Trainee: 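The structure under discussion is supplied below as structure tokens; questions concerning it will follow.
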Amino acid sequence: MPAEFKRGRRIARSVPGQLMLIAACLVVLIPCYFLVLGAFKTVPEFFSAPFSPPESWAFRNFHDAWEQADLLIAFRNSVLITAASVFLGTACACLAAHAIARMTRGASLVQMLFVAGMVLPTQLVVIAAFVEMRWLGLVGTVWPVIILYAVYGLPLGVLLLVGFFRRLPPQLREAAAIDGAGEWRQFLFIVLPLARIPIFTVAMLNSVWIWNDFFVPLIFANNESLQTVPLAILNFYGENTTNYGLVFAGVVMSALPVLGVYILMTRQFINGVVAGAIKG
């Protein structure tokens, strides 16, 4: 009886936390539910019954959205920009974080300067960045977008990676140095494989916001052939009318790659944790 009583108390204590998690899930899932429903509705049906299931499922919205917004080119540009930005930003973050972790003096100050970039909004530096990119002749290409995304991905990468690199046992590098491995070989073949879990985390978090960002491509990729998915969806907003069925269909299609990348990276993360636990 006492054991059952204790079990009941544990269950009762966990109920408020579970209710909060359920409420948080509903806050996220209910807008997604209405978004998916809106993607299958016509414009009159959307305004007449915005919260009810569609009477006739308008699958043509996805075809029309794909063709009218030229989403094939937009998806290609988004994949190119996201992949290049995440690779460049993560690589630079790994190098910077490893250097900070190895510093003996001034490491906290340098780390604080990197992390301070997280509180600087893009709008604060966009004018200076635009002038510089125009002086370099890069405006109208994908390079300003990739460079700015890589730079803005550095603070998060440094924040997550410095602590991990500091916890690595120095005996690993010492043993590699005895075997004749230099600094670069130690970094590439010892440090990076051990840091695959936080590296995947940094890449996953940066991928999501880069894919969904609207402001930077709007300013720097001012060429129709360079527009990303968020810019392509903007074409459905007219001056007097907006086809919300096509807007929602475009948003649903743009969310599918992000969801796929998230699932893929999550599996990599779990596999890394399990492999590390087994080896440990």
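What you see is a predicted model; the values in this text were computed from it and never measured.
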Trainee: Applying a strict under-4.5 Å side-chain criterion to I, L, V, M, F, W and Y, I'd like to know whether L231 and I210 cluster together.
Mentor: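 No: no chain of side-chain contacts under 4.5 Å links L231 to I210.
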Trainee: With distance as the sole test, does R166 use its side chain to make a donor-acceptor pair with the main-chain N or O of G163 at under 3.5 Å?
Mentor: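 Here the side-chain-to-backbone pair does not exist.
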Trainee: One pair to check against side-chain contact (heavy atoms from CB on, under 4.5 Å): F214 and L234. What are the steps and the verdict?
Mentor: CA-CA 10 Å; F214 174 83; L234 183 66; 3.7 Å; yes
Trainee: Are P230 and N212 close enough that some pair of their side-chain heavy atoms sits under 4.5 Å apart?
Mentor: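 SC-SC contact between P230 and N212 ruled out.
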Trainee: Could you report the tightest heavy-atom contact between A93 and G157, atom names first, then the distance?
Mentor: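 In terms of heavy atoms, the two residues are closest at CB-CA, 3.8 Å.
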Trainee: Between atom CZ of R76 and atom OG of S225, what is the distance when rounded to the nearest 0.5 Å?
Mentor: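 Interatomic distance, R76 CZ to S225 OG, rounded to 0.5 Å: 7.5 Å.
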Trainee: Would you say I73 and W143 are hydrophobically clustered, going by side-chain heavy atoms of ILVMFWY under 4.5 Å?
Mentor: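 Different clusters.
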Trainee: Identify the two heavy atoms, one from G89 and one from L154, that lie closest to each other, and give their separation to 0.1 Å.
Mentor: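 So the minimum-distance heavy-atom pair works out to O-CD2, 3.8 Å.
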Trainee: Would you say the side chain of P144 lies within less than 4.5 Å of the side chain of F130, judging by non-hydrogen atoms?
Mentor: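 A side-chain contact is absent here, since even the closest heavy-atom pair is not under 4.5 Å.
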Trainee: Specify the closest pair of heavy atoms between M118 and P155, including all atoms of both residues, with the distance to one decimal.
Mentor: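 Smallest interatomic distance, heavy atoms only, reads CG-CB, 3.2 Å.
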Trainee: What's the spacing between L80 CG and T228 OG1 if we round to 0.5 Å?
Mentor: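 It comes to 11.5 Å.
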Trainee: Hey, does N61 have a side-chain heavy atom less than 4.5 Å from the side chain of F40?
Mentor: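 In short, these two side chains do not touch, never coming nearer than 4.5 Å.
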Trainee: Would L226 and F220 count as a side-chain contact (heavy atoms from CB on, under 4.5 Å) here? Give the steps.
Mentor: CA-CA 10 Å; L226 300 176; F220 293 96; over 6 Å; no
Trainee: What pair of heavy atoms forms the shortest contact from L148 to M133, and how long is it?
Mentor: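 L148 and M133 have their closest heavy atoms at CD1-CE, 3.7 Å.
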Trainee: I'd like to check C94 versus L161 (side-chain heavy atoms, cut-off strictly below 4.5 Å). Are they in contact?
Mentor: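 With C-beta onward as the side chain, the pair touches.
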Trainee: First locate atom CD of Q68, then atom NE2 of H63, and finally report the distance between them rounded to the nearest 0.5 Å.
Mentor: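 Answer rounded to 0.5 Å: 9.5 Å.
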Trainee: Do we see a donor-acceptor contact under 3.5 Å between the side chains of W209 and N206?
Mentor: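 Yes, a side-chain donor-acceptor pair sits under 3.5 Å.
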Trainee: Once you round to the nearest 0.5 Å, how far does OG1 of T82 lie from CG of N77?
Mentor: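 Going from OG1 on T82 over to CG on N77, the span is 10.0 Å.
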Trainee: Group every Ile, Leu, Val, Met, Phe, Trp and Tyr by side-chain heavy-atom contacts under 4.5 Å, then state whether V125 and F215 land in the same group.
Mentor: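 Yes; tracing contacts between hydrophobic side chains, which count when under 4.5 Å, links both residues.
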Trainee: So for atom CZ, which belongs to F87, do other residues, nucleotides or ligands contribute more than 12 heavy atoms lying within a distance under 6.0 Å?
Mentor: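 Incorrect, the count does not exceed 12.
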Trainee: So do I233 and S254 actually touch side chain to side chain, heavy atoms under 4.5 Å?
Mentor: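 S254 vs I233: side chains touch.
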Trainee: Take V216 and Y152 through the test side-chain contact (heavy atoms from CB on, under 4.5 Å) and record every step on the way to the result.
Mentor: CA-CA 11 Å; V216 174; Y152 269 93; over 6 Å; no
Trainee: What's the shortest heavy-atom distance between A65 and G250, and which atoms?
Mentor: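 Taking every non-hydrogen atom into account, CB-N, 4.2 Å.
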Trainee: When rounded to the nearest 0.5 angstrom, what is the spacing between CZ in F248 and NZ in K41?
Mentor: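 One gets 9.0 Å once the value is rounded to the nearest 0.5 Å.
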Trainee: For L19, I'd like to know if atom CG has over 12 heavy atoms of other residues, nucleotides or ligands within 6.0 Å.
Mentor: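 Counting neighbours around CG of L19, more than 12 heavy atoms of other residues, nucleotides or ligands fall under 6.0 Å, so yes.
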Trainee: Going only through I, L, V, M, F, W and Y residues with side-chain contacts under 4.5 Å, is there a path from V151 to M112?
Mentor: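 No, it is not one cluster - the side chains of V151 and M112 are not joined through contacts under 4.5 Å.
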Trainee: Find out whether D213 and Y149 are in side-chain contact, i.e. whether some heavy atom of one side chain is under 4.5 Å from a heavy atom of the other.
Mentor: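 D213 vs Y149: side chains touch.
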Trainee: If hydrophobic clusters are built by linking Ile, Leu, Val, Met, Phe, Trp and Tyr wherever their side-chain heavy atoms come under 4.5 Å apart, do V27 and L21 end up in the same one?
Mentor: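 Hydrophobic grouping puts V27 apart from L21.
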Trainee: Of the non-hydrogen atoms in F114 and A96, which two are nearest, and what is the gap between them?
Mentor: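 Smallest interatomic distance, heavy atoms only, reads CZ-CB, 4.0 Å.
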Trainee: Distance check, rounded to the nearest 0.5 Å: R185 atom CZ versus I190 atom CD1?
Mentor: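 Here the interatomic distance stands at 9.5 Å.
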Trainee: Is any side-chain heavy atom of L168 closer than 4.5 Å to a side-chain heavy atom of F165?
Mentor: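 Side-chain contact under 4.5 Å: yes.
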Trainee: Hey, does F75 have a side-chain heavy atom less than 4.5 Å from the side chain of D70?
Mentor: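 Side-chain contact under 4.5 Å: no.
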Trainee: Could you walk me through whether T90 and I199 pass side-chain contact (heavy atoms from CB on, under 4.5 Å), step by step?
Mentor: CA-CA 7 Å; T90 305; I199 289 175; 3.8 Å; yes
